[in-house]
There are 2 protein chains.
Amino acid sequence: MTAREDWQELLREKGYRLTPQRELVLSAVDRLGHATPDEVLSAVREQSSAVNISTVYRTLDLLEELGLVRHTHLTDRAPTYHSTATPQHVHLVCRDCRAVIDADPAEFDTLVARLRKQHGFEPDIGHLTVFGRCADCRPES
Amino acid sequence: MTAREDWQELLREKGYRLTPQRELVLSAVDRLGHATPDEVLSAVREQSSAVNISTVYRTLDLLEELGLVRHTHLTDRAPTYHSTATPQHVHLVCRDCRAVIDADPAEFDTLVARLRKQHGFEPDIGHLTVFGRCADCRPES
DNA sequence: CTGCCTGCAAAATCTTTGCATAATT
DNA sequence: AATTATGCAAAGATTTTGCAGGCAG
(Lines give C-alpha, C1' and ligand atoms only; values in the text may rest on other atoms or scores of the structure.)
Protein backbone atom coordinates (compact mmCIF):
# COMPACT_ATOMS: atom_id res chain seq x y z
CA MET A 1 0.00 0.00 0.00
CA THR A 2 1.53 3.23 -1.13
CA ALA A 3 -1.09 5.48 0.34
CA ARG A 4 1.63 6.76 2.58
CA GLU A 5 3.78 8.15 -0.18
CA ASP A 6 1.13 10.16 -1.88
CA TRP A 7 -1.02 10.94 1.06
CA GLN A 8 -1.00 14.57 0.18
CA GLU A 9 -2.54 13.72 -3.12
CA LEU A 10 -5.01 11.45 -1.40
CA LEU A 11 -6.07 14.37 0.75
CA ARG A 12 -6.83 16.54 -2.20
CA GLU A 13 -8.63 13.83 -4.07
CA LYS A 14 -11.08 13.74 -1.26
CA GLY A 15 -11.41 17.49 -1.28
CA TYR A 16 -9.37 18.09 1.84
CA ARG A 17 -6.65 20.64 2.20
CA LEU A 18 -3.03 20.23 3.08
CA THR A 19 -2.24 22.17 6.21
CA PRO A 20 0.81 22.37 8.46
CA GLN A 21 -1.26 20.97 11.31
CA ARG A 22 -2.06 17.87 9.33
CA GLU A 23 1.54 17.30 8.40
CA LEU A 24 2.66 17.82 11.96
CA VAL A 25 0.11 15.45 13.43
CA LEU A 26 0.89 12.72 10.95
CA SER A 27 4.61 12.98 11.46
CA ALA A 28 4.17 13.03 15.22
CA VAL A 29 2.19 9.80 15.09
CA ASP A 30 4.85 8.26 12.87
CA ARG A 31 7.56 9.31 15.23
CA LEU A 32 5.86 8.36 18.47
CA GLY A 33 4.82 4.87 17.61
CA HIS A 34 1.89 4.70 19.96
CA ALA A 35 0.37 7.87 21.26
CA THR A 36 -2.77 9.24 22.77
CA PRO A 37 -4.28 12.43 21.36
CA ASP A 38 -2.77 14.28 24.26
CA GLU A 39 0.69 12.92 23.62
CA VAL A 40 0.36 13.77 19.97
CA LEU A 41 -0.48 17.32 20.94
CA SER A 42 2.62 17.60 23.10
CA ALA A 43 4.81 16.29 20.33
CA VAL A 44 3.27 18.62 17.80
CA ARG A 45 3.71 21.59 20.08
CA GLU A 46 7.42 21.04 20.28
CA GLN A 47 7.45 22.15 16.70
CA SER A 48 4.62 24.58 16.64
CA SER A 49 3.24 25.81 19.90
CA ALA A 50 -0.04 27.19 18.69
CA VAL A 51 -1.76 24.00 17.66
CA ASN A 52 -4.98 23.26 19.45
CA ILE A 53 -6.16 20.00 20.95
CA SER A 54 -9.38 20.07 19.01
CA THR A 55 -7.43 20.25 15.82
CA VAL A 56 -5.52 17.18 16.90
CA TYR A 57 -8.75 15.28 17.47
CA ARG A 58 -10.19 16.39 14.17
CA THR A 59 -6.99 15.59 12.35
CA LEU A 60 -6.61 12.13 13.85
CA ASP A 61 -10.14 11.34 12.78
CA LEU A 62 -9.39 12.54 9.32
CA LEU A 63 -6.13 10.64 9.03
CA GLU A 64 -7.85 7.53 10.22
CA GLU A 65 -10.56 7.94 7.66
CA LEU A 66 -7.86 8.16 5.04
CA GLY A 67 -6.24 5.04 6.41
CA LEU A 68 -3.01 6.76 7.37
CA VAL A 69 -3.28 6.06 11.07
CA ARG A 70 -5.18 3.63 13.20
CA HIS A 71 -6.15 3.48 16.81
CA THR A 72 -6.51 0.82 19.43
CA HIS A 73 -7.12 0.84 23.15
CA LEU A 74 -4.00 0.02 25.07
CA THR A 75 -5.43 1.18 28.35
CA ASP A 76 -8.94 1.44 29.64
CA ARG A 77 -8.94 5.12 29.05
CA ALA A 78 -7.56 6.92 26.05
CA PRO A 79 -7.21 5.55 22.57
CA THR A 80 -3.70 5.33 21.19
CA TYR A 81 -2.92 6.08 17.59
CA HIS A 82 -0.22 4.60 15.45
CA SER A 83 0.92 4.96 11.92
CA THR A 84 -0.09 2.51 9.25
CA ALA A 85 3.31 3.04 7.66
CA THR A 86 4.94 0.78 10.21
CA PRO A 87 4.25 -2.88 9.64
CA GLN A 88 0.98 -4.11 11.07
CA HIS A 89 1.30 -5.62 14.48
CA VAL A 90 -0.80 -6.86 17.31
CA HIS A 91 -0.40 -5.26 20.70
CA LEU A 92 0.20 -7.43 23.71
CA VAL A 93 -0.38 -5.32 26.78
CA CYS A 94 0.75 -6.36 30.22
CA ARG A 95 -1.91 -5.75 32.78
CA ASP A 96 0.66 -5.30 35.52
CA CYS A 97 3.55 -3.27 34.17
CA ARG A 98 1.68 -1.80 31.23
CA ALA A 99 4.42 -2.86 28.85
CA VAL A 100 3.41 -3.10 25.21
CA ILE A 101 4.86 -5.89 23.11
CA ASP A 102 4.39 -5.87 19.36
CA ALA A 103 3.56 -9.25 17.90
CA ASP A 104 3.72 -10.36 14.30
CA PRO A 105 0.26 -10.74 12.76
CA ALA A 106 1.46 -13.97 11.20
CA GLU A 107 1.22 -15.51 14.63
CA PHE A 108 -2.51 -15.01 14.34
CA ASP A 109 -3.00 -16.64 10.98
CA THR A 110 -4.33 -19.86 12.41
CA LEU A 111 -6.77 -17.94 14.52
CA VAL A 112 -7.93 -15.84 11.62
CA ALA A 113 -8.59 -18.94 9.56
CA ARG A 114 -10.53 -20.51 12.36
CA LEU A 115 -12.75 -17.52 13.05
CA ARG A 116 -13.46 -17.21 9.38
CA LYS A 117 -14.47 -20.82 9.11
CA GLN A 118 -16.30 -21.08 12.38
CA HIS A 119 -18.16 -17.81 12.44
CA GLY A 120 -17.79 -16.31 9.01
CA PHE A 121 -16.09 -13.52 10.89
CA GLU A 122 -13.28 -11.59 9.27
CA PRO A 123 -11.13 -10.36 12.12
CA ASP A 124 -9.30 -7.10 11.89
CA ILE A 125 -6.01 -8.18 13.37
CA GLY A 126 -4.43 -4.79 12.90
CA HIS A 127 -6.79 -3.37 15.49
CA LEU A 128 -6.25 -6.13 17.98
CA THR A 129 -4.98 -5.70 21.49
CA VAL A 130 -4.46 -8.68 23.73
CA PHE A 131 -4.31 -8.07 27.44
CA GLY A 132 -2.46 -10.38 29.74
CA ARG A 133 0.71 -10.71 31.69
CA CYS A 134 4.18 -10.39 30.30
CA ALA A 135 7.08 -12.70 31.06
CA ASP A 136 8.44 -10.43 33.76
CA CYS A 137 5.16 -10.09 35.57
CA ARG A 138 4.03 -13.68 35.40
CA PRO A 139 4.04 -15.46 38.70
CA GLU A 140 7.22 -17.53 38.48
CA SER A 141 6.02 -20.85 37.22
CA MET B 1 -14.56 -21.72 40.58
CA THR B 2 -17.56 -21.50 42.83
CA ALA B 3 -16.96 -17.96 43.87
CA ARG B 4 -20.34 -17.22 42.45
CA GLU B 5 -22.26 -19.34 44.89
CA ASP B 6 -20.78 -17.93 47.99
CA TRP B 7 -20.02 -14.49 46.81
CA GLN B 8 -21.70 -13.05 49.81
CA GLU B 9 -19.27 -14.89 51.98
CA LEU B 10 -16.43 -13.77 49.77
CA LEU B 11 -17.50 -10.21 50.35
CA ARG B 12 -17.35 -10.54 54.07
CA GLU B 13 -14.06 -12.38 54.03
CA LYS B 14 -12.57 -9.33 52.46
CA GLY B 15 -14.19 -7.09 54.98
CA TYR B 16 -16.85 -5.73 52.68
CA ARG B 17 -20.51 -5.44 53.52
CA LEU B 18 -23.48 -6.94 51.84
CA THR B 19 -25.82 -4.22 50.69
CA PRO B 20 -28.95 -4.19 48.55
CA GLN B 21 -27.13 -2.05 46.00
CA ARG B 22 -24.45 -4.66 45.58
CA GLU B 23 -26.95 -7.43 45.13
CA LEU B 24 -28.93 -5.41 42.63
CA VAL B 25 -25.92 -4.47 40.56
CA LEU B 26 -24.63 -8.01 40.41
CA SER B 27 -27.97 -9.44 39.42
CA ALA B 28 -28.44 -6.73 36.81
CA VAL B 29 -25.12 -7.61 35.22
CA ASP B 30 -26.04 -11.28 35.27
CA ARG B 31 -29.35 -10.57 33.65
CA LEU B 32 -28.16 -8.11 31.03
CA GLY B 33 -25.30 -10.11 29.62
CA HIS B 34 -23.28 -7.16 28.42
CA ALA B 35 -23.95 -3.75 29.84
CA THR B 36 -22.38 -0.37 30.30
CA PRO B 37 -22.46 1.27 33.72
CA ASP B 38 -25.29 3.42 32.51
CA GLU B 39 -27.33 0.45 31.36
CA VAL B 40 -26.69 -1.27 34.63
CA LEU B 41 -28.03 1.77 36.42
CA SER B 42 -31.22 1.73 34.38
CA ALA B 43 -31.76 -1.93 35.09
CA VAL B 44 -31.10 -1.48 38.77
CA ARG B 45 -33.48 1.45 38.97
CA GLU B 46 -36.34 -0.64 37.68
CA GLN B 47 -36.15 -2.36 41.00
CA SER B 48 -35.02 0.42 43.23
CA SER B 49 -35.23 3.94 41.95
CA ALA B 50 -32.94 5.63 44.43
CA VAL B 51 -29.65 4.06 43.46
CA ASN B 52 -27.00 6.46 42.34
CA ILE B 53 -24.69 6.20 39.38
CA SER B 54 -21.61 6.64 41.50
CA THR B 55 -22.61 3.65 43.54
CA VAL B 56 -22.87 1.66 40.34
CA TYR B 57 -19.35 2.63 39.36
CA ARG B 58 -18.00 1.86 42.79
CA THR B 59 -19.84 -1.43 42.92
CA LEU B 60 -18.74 -2.58 39.49
CA ASP B 61 -15.15 -1.90 40.50
CA LEU B 62 -15.63 -3.87 43.64
CA LEU B 63 -17.32 -6.81 41.93
CA GLU B 64 -14.56 -6.88 39.39
CA GLU B 65 -11.96 -6.91 42.11
CA LEU B 66 -13.75 -9.90 43.58
CA GLY B 67 -13.78 -11.56 40.20
CA LEU B 68 -17.56 -11.65 39.95
CA VAL B 69 -17.78 -9.49 36.87
CA ARG B 70 -15.39 -8.47 34.14
CA HIS B 71 -15.30 -5.72 31.63
CA THR B 72 -14.20 -5.33 28.06
CA HIS B 73 -14.50 -2.61 25.49
CA LEU B 74 -17.06 -3.44 22.87
CA THR B 75 -17.21 0.08 21.54
CA ASP B 76 -14.76 2.91 21.55
CA ARG B 77 -16.60 4.58 24.34
CA ALA B 78 -17.96 2.95 27.43
CA PRO B 79 -16.77 -0.27 28.97
CA THR B 80 -19.25 -3.12 29.09
CA TYR B 81 -19.49 -5.43 32.04
CA HIS B 82 -20.51 -9.03 32.06
CA SER B 83 -20.88 -11.72 34.64
CA THR B 84 -18.19 -14.30 35.20
CA ALA B 85 -20.94 -16.80 36.00
CA THR B 86 -21.63 -17.28 32.33
CA PRO B 87 -18.99 -19.33 30.57
CA GLN B 88 -15.96 -17.38 29.45
CA HIS B 89 -16.13 -16.23 25.92
CA VAL B 90 -14.34 -13.99 23.51
CA HIS B 91 -16.25 -11.15 21.95
CA LEU B 92 -16.22 -10.79 18.19
CA VAL B 93 -17.53 -7.33 17.40
CA CYS B 94 -18.65 -6.35 13.93
CA ARG B 95 -17.35 -2.98 13.00
CA ASP B 96 -20.28 -2.33 10.69
CA CYS B 97 -23.44 -3.60 12.34
CA ARG B 98 -22.07 -3.65 15.88
CA ALA B 99 -23.22 -7.21 16.38
CA VAL B 100 -21.47 -9.11 19.15
CA ILE B 101 -20.71 -12.77 18.61
CA ASP B 102 -19.54 -14.89 21.50
CA ALA B 103 -16.74 -17.28 20.61
CA ASP B 104 -15.51 -20.25 22.53
CA PRO B 105 -12.14 -19.62 24.19
CA ALA B 106 -11.06 -23.06 23.03
CA GLU B 107 -10.78 -21.61 19.56
CA PHE B 108 -7.94 -19.53 20.92
CA ASP B 109 -5.93 -22.31 22.48
CA THR B 110 -3.45 -22.50 19.66
CA LEU B 111 -2.92 -18.79 19.84
CA VAL B 112 -2.45 -18.84 23.58
CA ALA B 113 0.17 -21.52 23.29
CA ARG B 114 1.98 -19.61 20.64
CA LEU B 115 2.07 -16.31 22.50
CA ARG B 116 3.28 -18.08 25.57
CA LYS B 117 6.10 -19.73 23.72
CA GLN B 118 7.02 -16.82 21.50
CA HIS B 119 6.79 -13.96 23.94
CA GLY B 120 6.42 -15.51 27.36
CA PHE B 121 3.14 -13.66 27.38
CA GLU B 122 0.16 -15.12 29.20
CA PRO B 123 -2.87 -13.77 27.37
CA ASP B 124 -6.06 -13.06 29.22
CA ILE B 125 -8.51 -14.47 26.73
CA GLY B 126 -11.50 -13.71 28.88
CA HIS B 127 -10.87 -10.03 28.39
CA LEU B 128 -10.39 -10.27 24.66
CA THR B 129 -12.43 -8.47 22.07
CA VAL B 130 -11.74 -9.00 18.40
CA PHE B 131 -13.00 -6.38 16.01
CA GLY B 132 -13.77 -7.19 12.43
CA ARG B 133 -16.60 -7.84 10.08
CA CYS B 134 -19.33 -10.40 10.58
CA ALA B 135 -20.62 -12.76 7.92
CA ASP B 136 -23.54 -10.49 7.05
CA CYS B 137 -21.42 -7.40 6.63
CA ARG B 138 -18.55 -8.95 4.72
CA PRO B 139 -18.36 -7.94 1.12
CA GLU B 140 -19.94 -10.91 -0.61
CA SER B 141 -17.10 -13.29 -1.25
C1' DC C 1 -21.76 1.45 68.42
C1' DT C 2 -18.19 1.69 64.82
C1' DG C 3 -16.94 2.28 60.55
C1' DC C 4 -18.07 1.03 55.87
C1' DC C 5 -21.48 2.61 52.15
C1' DT C 6 -24.41 5.51 49.88
C1' DG C 7 -26.44 9.62 47.81
C1' DC C 8 -25.57 14.09 46.35
C1' DA C 9 -23.14 17.55 44.27
C1' DA C 10 -19.10 19.25 42.60
C1' DA C 11 -14.81 18.35 40.27
C1' DA C 12 -11.99 16.11 36.95
C1' DT C 13 -11.26 13.95 32.40
C1' DC C 14 -11.70 13.48 27.87
C1' DT C 15 -13.98 14.74 23.53
C1' DT C 16 -17.04 17.35 20.64
C1' DT C 17 -19.18 21.52 18.78
C1' DG C 18 -20.37 26.46 17.38
C1' DC C 19 -18.57 30.33 15.58
C1' DA C 20 -15.55 33.99 13.92
C1' DT C 21 -11.12 34.32 11.81
C1' DA C 22 -7.27 32.61 9.16
C1' DA C 23 -5.41 29.98 5.50
C1' DT C 24 -5.52 26.87 1.31
C1' DT C 25 -6.63 26.25 -3.34
C1' DA D 1 -12.68 34.88 -4.02
C1' DA D 2 -14.70 30.72 -2.33
C1' DT D 3 -14.51 27.44 1.22
C1' DT D 4 -12.31 24.61 4.20
C1' DA D 5 -9.60 24.42 8.50
C1' DT D 6 -8.20 26.31 12.84
C1' DG D 7 -8.29 28.36 17.48
C1' DC D 8 -10.92 29.36 21.31
C1' DA D 9 -14.29 28.74 24.54
C1' DA D 10 -18.14 26.54 25.96
C1' DA D 11 -20.89 22.45 26.08
C1' DG D 12 -21.17 17.34 26.47
C1' DA D 13 -20.33 12.91 28.11
C1' DT D 14 -18.35 9.92 31.31
C1' DT D 15 -16.08 8.89 35.59
C1' DT D 16 -14.20 10.19 40.08
C1' DT D 17 -14.10 12.37 44.64
C1' DG D 18 -15.32 14.77 49.16
C1' DC D 19 -18.49 14.70 52.64
C1' DA D 20 -22.32 14.12 55.84
C1' DG D 21 -25.75 11.05 57.03
C1' DG D 22 -27.40 6.07 56.88
C1' DC D 23 -26.98 1.29 57.52
C1' DA D 24 -24.64 -3.35 58.08
C1' DG D 25 -22.31 -6.06 61.24
Side-chain angles (χ1 to χ4, degrees), chain A residues 6-29 34-45 47-66 68-69 71-81, chain B residues 6-29 34-66 68-81:
Chain A
D6 34 32
W7 69 277
Q8 309 194 341
E9 195 173 315
L10 181 60
L11 257 191
R12 294 212 192 76
E13 269 171 28
K14 302 241 183 179
Y16 298 121
R17 292 176 179 178
L18 178 60
T19 66
Q21 287 87 342
R22 287 172 179 171
E23 289 199 70
L24 288 169
V25 168
L26 180 55
S27 91
V29 172
H34 302 123
T36 61
D38 204 60
E39 291 166 340
V40 170
L41 177 66
S42 298
V44 166
R45 281 193 166 157
Q47 301 179 35
S48 174
S49 58
V51 178
N52 192 274
I53 183 68
S54 44
T55 298
V56 171
Y57 276 105
R58 287 188 280 228
T59 302
L60 287 172
D61 278 353
L62 176 65
L63 296 178
E64 187 154 38
E65 180 197 325
L66 296 177
L68 300 170
V69 305
H71 81 274
T72 54
H73 296 269
L74 267 36
T75 66
D76 280 346
R77 272 176 160 273
T80 65
Y81 287 80
Chain B
D6 34 32
W7 69 276
Q8 309 192 343
E9 197 174 311
L10 181 60
L11 256 192
R12 294 212 193 76
E13 270 172 26
K14 302 243 182 176
Y16 296 121
R17 293 179 179 176
L18 178 60
T19 66
Q21 287 87 342
R22 287 172 181 173
E23 289 198 69
L24 287 169
V25 168
L26 181 54
S27 91
V29 172
H34 302 122
T36 62
D38 203 60
E39 291 165 341
V40 171
L41 178 65
S42 299
V44 166
R45 281 191 167 159
E46 285 172 17
Q47 302 178 36
S48 174
S49 58
V51 178
N52 193 274
I53 183 69
S54 45
T55 297
V56 171
Y57 277 105
R58 287 187 282 227
T59 302
L60 287 172
D61 279 354
L62 176 65
L63 296 178
E64 186 154 38
E65 180 196 325
L66 296 176
L68 299 170
V69 305
R70 306 207 58 182
H71 81 274
T72 54
H73 296 268
L74 266 35
T75 67
D76 279 347
R77 270 176 162 277
T80 65
Y81 287 81

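Model, not experiment: these values are computed from the prediction. Reckoned from all heavy atoms, side chains included, excluding hydrogens, waters and symmetry mates. Here is the naming used below: chain letters follow the sequence lines, and residue numbers restart at 1 for every chain.
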Say whether, by atom type as modelled, one donor and one acceptor occur between the side chain of [X] and the main chain of [Y] under 3.5 angstrom.
X       : Y       : result
A:Ser48 : A:Val44 : no
B:Arg45 : B:Val51 : yes
A:Gln21 : A:Thr55 : no
A:Glu39 : A:Thr36 : yes

- Starting at the 5' end of DNA chain C and moving along, which residue's nearest nucleotide shows up first, B:Gly15 or B:Arg77?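 On the 5' side of the pair lies B:Gly15.
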
- List the steps and the verdict of side-chain contact (heavy atoms from CB on, under 4.5 Å) for B:Glu65 and B:Leu62. CA-CA 5 Å; B:Glu65 180 196 325; B:Leu62 176 65; 4.2 Å; yes

- Message: Based on the rotation axes of five pairs at each end, what angle does the helix from C:dC1-D:dG25 to C:dT25-D:dA1 bend through, to 10°?
- Response: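 Roughly 40°, once rounded to the nearest ten degrees.
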
Closer than 4.0 Å, any side-chain N/O of [X] to the OP1 or OP2 of [N]?
X       : N     : answer
A:Arg22 : D:dA5 : yes
A:Gln21 : D:dG7 : yes
B:Thr19 : C:dC4 : no

Take atom [atom1] of [X] and atom [atom2] of [N], then tell me their distance rounded to the nearest Å.
X       : N      : atom1 : atom2 : value
A:Gln8  : C:dT24 : CD    : P     : 13 Å
A:His73 : C:dC14 : NE2   : C1'   : 13 Å
B:Arg17 : D:dC23 : CZ    : P     : 12 Å
A:Lys14 : D:dA5  : NZ    : C1'   : 18 Å
A:Tyr81 : C:dC14 : OH    : C1'   : 12 Å
B:Asp61 : D:dT14 : CG    : P     : 17 Å
A:Glu9  : C:dT25 : CD    : C1'   : 15 Å
B:Leu60 : D:dT16 : CG    : C1'   : 14 Å

- Task: Kindly indicate, with the supporting measurements, whether the criterion side-chain contact (heavy atoms from CB on, under 4.5 Å) is fulfilled by B:Leu66 and B:Lys14.
- Result: CA-CA 9 Å; B:Leu66 296 176; B:Lys14 302 243 182 176; 4.0 Å; yes

- Residues B:Asn52, B:Ser54; criterion side-chain hydrogen bond (donor to acceptor under 3.5 Å, both in side chains); working and verdict: CA-CA 5 Å; B:Asn52 193 274; B:Ser54 45; 2.7 Å; yes

- Heavy-atom contacts under 4.0 Å between residues 49-57 of chain A and DNA chain C, which residues?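 Residues of residues 49-57 of chain A under 4.0 Å from DNA chain C: A:Ser54, A:Tyr57.
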
- Listed in order of residue number, which residues of residues 38-48 of chain B have a non-hydrogen atom at under 4.0 Å from DNA chain C?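 Hits under 4.0 Å, by residue number: none.
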
- Query: Can you tell if the side chain of A:Leu63 reaches within under 4.5 Å of the side chain of A:Val29, non-hydrogen atoms only?
  - Reply: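 Counting from C-beta outward, A:Leu63 and A:Val29 never come under 4.5 Å.
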
- Query: Does A:Leu10 reach the side chain of A:Asp6, with side-chain heavy atoms less than 4.5 Å apart?
  - Reply: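 Not touching, per the 4.5 Å side-chain cut-off.
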
- Task: Determine, stepwise, if the pair B:Tyr16 / B:Gln8 fulfils side-chain hydrogen bond (donor to acceptor under 3.5 Å, both in side chains).
- Result: CA-CA 9 Å; B:Tyr16 296 121; B:Gln8 309 192 343; over 6 Å; no

- Item | Nearest-neighbour nucleotide for the B:Arg58 side chain, C:dT24, C:dT15, D:dT17 considered |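 The answer is D:dT17, which lies nearest to the side chain.
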
- Message: If you apply the rule side-chain contact (heavy atoms from CB on, under 4.5 Å), what do you find for B:Trp7 with B:Glu23, and how did you get there?
- Response: CA-CA 10 Å; B:Trp7 69 276; B:Glu23 289 198 69; 3.8 Å; yes

- Message: Go nucleotide by nucleotide along DNA chain D from the 5' end; which of A:Tyr16 and B:Pro20 gets its closest nucleotide reached first?
- Response: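 The residue closer to the strand's 5' end, by nearest nucleotide, is A:Tyr16.
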
- Base, sugar-phosphate, or nothing for A:Arg12, non-hydrogen atoms under 4.0 angstrom?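 Sugar-phosphate: the residue A:Arg12, judged by heavy atoms under 4.0 Å, touches backbone atoms but no base.
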
- Carefully, step by step, assess B:Arg17 and B:Leu11 under the rule side-chain contact (heavy atoms from CB on, under 4.5 Å). CA-CA 6 Å; B:Arg17 293 179 179 176; B:Leu11 256 192; over 6 Å; no

